[in-house]
Amino acid sequence: MRSGRYSFAFTTYDPPSDVLYARLSDEREASRVQTEEGDVWTYDADGRPTGVIVVEPAARLARDGAVYITLPAGERERLQGVEAALRGG
């Protein structure tokens, strides 16, 4: 799965809560920042992004036909490969 310049190597989807966890690395999370969509970016102790928690991706995909997230620098990008991640693939 990817969005903008970020490629998420590890993804986990929790269907009952409709939450997608997408990790960039195995680095330990030190802080979190919420986006305007309600998603949450996680960062390591040096301020580097470690992943994003996408809230209601299945609902957003059904409603909008795509899932867009706000990246750390502020640009809004489509989350590519989200369909496969929701299927667990």
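Everything numeric here is computed off the predicted structure, so don't read it as measured data.
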Do [X] and [Y] make a side-chain contact, defined as non-hydrogen atoms from C-beta onward lying under 4.5 Å apart?
X: Arg60; Y: Asp39; value: yes
X: Val19; Y: Ile53; value: yes
X: Val52; Y: Arg23; value: no
X: Asp18; Y: Val55; value: no
X: Asp26; Y: Phe10; value: yes
X: Glu37; Y: Arg76; value: yes

Thr50 and Ser25 side chains, donor-acceptor separation under 3.5 Å: no

Donor on one side chain, acceptor on other, Arg2 and Ser7, under 3.5 Å: yes

Exercise: identify the closest heavy-atom pair between [X] and [Y]:
X: Tyr68; Y: Ala66; value: CE1-CB, 3.7 Å
X: Pro57; Y: Val67; value: O-CG2, 3.4 Å
X: Ala45; Y: Ala30; value: N-CB, 3.5 Å
X: Ser3; Y: Leu71; value: OG-CD2, 3.8 Å

Chi angles and distances behind the side-chain contact (heavy atoms from CB on, under 4.5 Å) call for Val40, Thr35: CA-CA 6 Å; Val40 178; Thr35 69; over 6 Å; no

Reported CE-to-CG distance for the pair Met1 and Leu24, which is rounded to 0.5 angstrom: 9.0 Å

Shared hydrophobic cluster, Tyr6 / Tyr43 (ILVMFWY, side-chain heavy atoms < 4.5 Å): yes

same_hphob_cluster(Leu61, Leu20) at 4.5 Å side-chain heavy-atom cutoff: yes

Test item: Thr11 side-chain N/O and Ala22 main-chain N/O as donor-acceptor pair under 3.5 Å: no

Sidechain-backbone polar pair: Trp41 side chain, Thr70 backbone, donor-acceptor under 3.5 Å: yes

Pair Tyr21-Asp14, side-chain hydrogen bond (donor to acceptor under 3.5 Å, both in side chains): steps then yes or no: CA-CA 8 Å; Tyr21 302 89; Asp14 180 24; 5.2 Å; no

SB check Asp44 Arg48 (cutoff 4.0 Å): yes

